[in-house]
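For clarity, every value in this text was computed on a predicted model and none was experimentally measured.
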Amino acid sequence: MAETFDPWSPSFVADPYPAYAELRARGRAHWYEPTRQWLIPHHADVSALLRDRRLGRTYLHRFTHEEFGRTPPPPGHEPFHVLNDHGLLDLEAPDHTRIRRLVSKAFTPRTVERLAPTVRRLAAELVGAFVAQGGGDLLSAVAEPLPVAVIAEMLGVPEPDRVLLRPWSADICGMYELNPSEETARRAVRASVEFSAYLRELIAVRRESPGEDLVSALIAAHDEGGDRLSEQEMISTCVLLLNAGHEATVNTTANGWRTLLRHPGQLEALRADQGLLPTAVEELLRYDTPLQLFERWVLDDIEVAGVTIPRGSEVALLFGSANRDPAAFDRPGELDLGRTENPHVSLGAGVHYCLGAPLARLELASSFGELLTRAPKMRLAEEPEWKPGFVIRGLRELRVEV
């Protein structure tokens, strides 16, 4: 198995898809000793398990660490886990239901609609500046600053403070990789402490002087019984909105342009008809998804193709493999920007389906549209390299000429 699936190998990270095809051919559930997880490579199983309430992002709503057969995290990691464990991504019912309902009151379709002119303006400004200087690193010049600026705008983070957000997010997200090192944990803990302290101050300011931003809306949100978010829940929600709200968008932008520039026929078709943008965004999310793997704890025994996976196990749902499964997609290895039957799992499914999906689609369509229009002759200046991370898979940079 280690020869097929090796998430620490640069060659595997650069192109995991042949290994995924082999995994799918060899079965539907594979035990992987280096991470002590069950790998699930087929679309039907990934999609079903994302919706299966016998699995969860946490087990602490039902079991202690000891009851679940797990070792508690080191005490020194506590700031990260306090921050992470109060966010929607790592909660289950009833807390997940309550918090998602309250956050949804603040994060409405109208909120996204109201942001649309800002998103388009920011995309136009960033792309305009990038084209004026003749190109450069698309990742740092356009892909990164756009979603960070949008989330900062939503949260009401003052412009001078926005440079802090991306480094904090990157350090925290390092903990989502497989078997993170102690140095990775140290950086994540420091970022968790600093980011939490910053948001605590911002929340205090908004309590005194509410604005039109999401932090003010989270403070005001309550249900029919008067239930409100705690301060820690608000902090964790804001951090999650930043992390989930830009990591995927950044990497979809860079990975997507790498893909387009390697498929000139599809790129020309998109330039000729930007009406294809909605399906193109979905296809780029499918073809080279930035989130390759999503983990779930097995809360009650499950069975996958006759293999019993017992309570206490962890499954690794291979999104990248599911999105290339020929049982779910016609010609899965081909890029088809006009693909209409596209049940990709890049944004999740079930109760943990991405809350910010409409915003991500708006940002992607805006930046791709601007670049298609303003940089019609954009080309690679050099072959990009992949970052070492596999779970959140992206490029170090994407240098292009316009």
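Among the candidates Leu347, Leu89, Leu359, the single residue satisfying the side-chain contact (heavy atoms from CB on, under 4.5 Å) test with Cys354 is Leu347. Across Leu317, Leu318, Asp325, a single residue satisfies side-chain contact (heavy atoms from CB on, under 4.5 Å) together with Ser321, and that is Leu318.
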(request) Go through Asn243 and Ser169 one step at a time and tell me if the side-chain hydrogen bond (donor to acceptor under 3.5 Å, both in side chains) criterion holds. (result) CA-CA 6 Å; Asn243 293 348; Ser169 176; 2.7 Å; yes
(request) Output, in order, the C-alpha distance, side-chain angles, deciding distance and verdict of salt bridge (charged side-chain N to carboxylate O under 4.0 Å, His left out) for Glu153 and Arg162. (result) CA-CA 9 Å; Glu153 189 84 17; Arg162 295 179 183 182; 3.4 Å; yes
(request) Decide yes or no on ring-ring contact (aromatic ring centres under 6.0 Å, His included) for Tyr17 and Tyr287, but give the supporting numbers first. (result) CA-CA 10 Å; Tyr17 299 104; Tyr287 186 82; 7.0 Å; no
(request) Show your reasoning for whether side-chain hydrogen bond (donor to acceptor under 3.5 Å, both in side chains) applies to Gln274 and Thr373. (result) CA-CA 9 Å; Gln274 288 195 30; Thr373 300; 2.9 Å; yes
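Taking the charged nitrogens against the carboxylate oxygens, Glu282 and Arg361 do have a contact shorter than 4.0 Å, which makes a salt bridge. Salt bridge status for Glu303 with Arg54: absent, with no side-chain N to carboxylate O gap under 4.0 Å. Using a 4.0 Å cut-off between charged side-chain N and carboxylate O, Arg311 and Asp300 make no salt bridge. For the pair Glu92 and Arg57, the salt-bridge criterion is not met [side-chain N within less than 4.0 Å of a carboxylate O]. The residues Asp171 and Arg166 are annotated as not salt-bridged, no charged nitrogen and carboxylate oxygen being separated by less than 4.0 angstrom. Using a 4.0 Å cut-off between charged side-chain N and carboxylate O, Glu182 and Arg186 make no salt bridge.
With a 6.0 Å cutoff to the six-membered ring centre and a 45° limit on the axis angle, Arg393 counts as a cation-pi contact of Trp386. By the 6.0 Å and 45° rule, Arg324 does not stack over the aromatic ring of Tyr20.
Going from atom CD of Gln292 over to atom CG of Asn323 covers 8.5 Å, rounded to the nearest 0.5 Å. For the atom pair Thr4 OG1 and Phe12 CZ, the distance stands at 9.0 Å (nearest 0.5 Å). Note that OG1 of Thr252 is 4.5 Å distant from CG of Leu285, once rounded to the nearest 0.5 Å. Taking CG of Leu102 as the reference point, atom NZ of Lys105 lies at 7.0 Å (rounded to 0.5 Å). Note that the CG atom of Leu380 and the CG atom of Leu261 stand 5.0 Å from one another [nearest 0.5 Å]. Interatomic distance, Met234 CE to Arg207 CZ, rounded to the nearest 0.5 Å: 4.0 Å.
Looking at Glu144 and Thr253, their side chains never bring a donor and an acceptor atom within 3.5 Å of each other. Remark: the Glu314 side chain and the Trp38 side chain contain no N/O donor-acceptor pair separated by less than 3.5 Å. With 3.5 Å as the limit, one finds no donor-acceptor pair spanning the side chains of Glu183 and Ser181. Under the 3.5 Å distance criterion, with hydrogens and angles disregarded, no donor-acceptor pair is assigned to the side chains of Glu334 and His263. Remark: the Gln232 side chain and the Ser236 side chain contain an N/O donor-acceptor pair separated by less than 3.5 Å. Donor-acceptor pairing under 3.5 Å is recorded for the side chains of Ser47 and Arg51.
Under the 4.5 Å side-chain criterion, counting only non-hydrogen atoms from C-beta, Phe130 is in contact with Val400. Contact check for Arg28 versus Ile40: no side-chain heavy atoms found under the 4.5 Å cut-off. In this structure, Thr289 and Leu284 have side chains that are not in contact, with every pair of non-hydrogen atoms separated by 4.5 Å or more. For the pair Pro384 and Arg396, the minimum side-chain heavy-atom distance is 4.5 Å or more. Looking at Val131 and Met378, their side chains never come closer than 4.5 Å, going by heavy atoms from C-beta outward. Leu337 is listed as a side-chain neighbour of Leu260, based on a closest heavy-atom distance under 4.5 Å. Leu240 places none of its side-chain heavy atoms less than 4.5 Å from the side chain of Asp90. No side-chain heavy atom of Arg258 sits under 4.5 Å from any side-chain heavy atom of Asn255.
Without hydrogens or angle criteria, Glu177 side chain to Ile392 main chain gives a donor-acceptor distance under 3.5 Å. For Ser216 (side chain) and Gly211 (main-chain N/O), a donor-acceptor pair under 3.5 Å exists by modelled atom type. Listed for the Tyr32 side chain is a donor-acceptor partner under 3.5 Å among the backbone atoms of Phe5. In this structure, Glu233 contributes its side chain and Gly87 its backbone to no donor-acceptor pair below 3.5 Å. Put simply, the side chain of Thr97 never gets that close to the backbone of Ala93: no donor and acceptor are under 3.5 Å apart. Arg228 contributes a side-chain N or O that, together with a main-chain N or O of Ala220, makes up a donor-acceptor pair within less than 3.5 Å. Between the side chain of Asp161 and the main chain of Val157, no donor-acceptor pair closer than 3.5 Å is present. Judged by distance alone, the side chain of Ser104 and the main-chain N or O of Arg100 form a donor-acceptor pair under 3.5 Å. Distance alone, capped at 3.5 Å, is enough to place a donor-acceptor pair between the Ser313 side chain and the Pro310 backbone. With hydrogens and angles disregarded, no donor-acceptor distance shorter than 3.5 Å links the side chain of Arg399 to the backbone of Leu138.
Ring centers of His43 and Phe329: under 6.0 Å apart, within the cut-off. A distance of 6.0 Å or more separates the ring centres of Phe390 and Trp8. Ring-centre distance between His352 and His96: below the 6.0 Å cut-off.
More than 12 heavy atoms of other residues, nucleotides or ligands sit less than 6.0 Å from atom CD of Glu382. No more than 12 heavy atoms of other residues, nucleotides or ligands lie within 6.0 Å of CD in Glu201, so this atom counts as exposed by the packing criterion. Heavy atoms from other residues, nucleotides or ligands lying under 6.0 Å from CD of Glu341 number 12 at most. The 12-atom threshold is not exceeded at CZ of Arg110, counting heavy atoms of other residues, nucleotides or ligands nearer than 6.0 Å. Annotation for Glu67: atom CD counts as buried by contact number, over 12 foreign heavy atoms lying within 6.0 Å. Within a 6.0 Å radius of CD in Glu385, no more than 12 heavy atoms belonging to other residues, nucleotides or ligands are found.
Looking at residues two or more places apart in sequence or on another chain, you find no ring pair (Phe, Tyr, Trp, His ring centres under 6.0 Å) involving Tyr176. Every residue two or more places apart in sequence or in another chain was checked for a ring pair (Phe, Tyr, Trp, His ring centres under 6.0 Å) with Tyr353, and none qualifies. The salt bridge (charged side-chain N to carboxylate O under 4.0 Å, His left out) check on Arg36 picks up Glu33, with sequence neighbours excluded.
Note on ring orientation: taking the six-membered ring where Trp is involved, the planes of Tyr59 and His65 are perpendicular (angle over 60°, cut-offs 30° and 60°).
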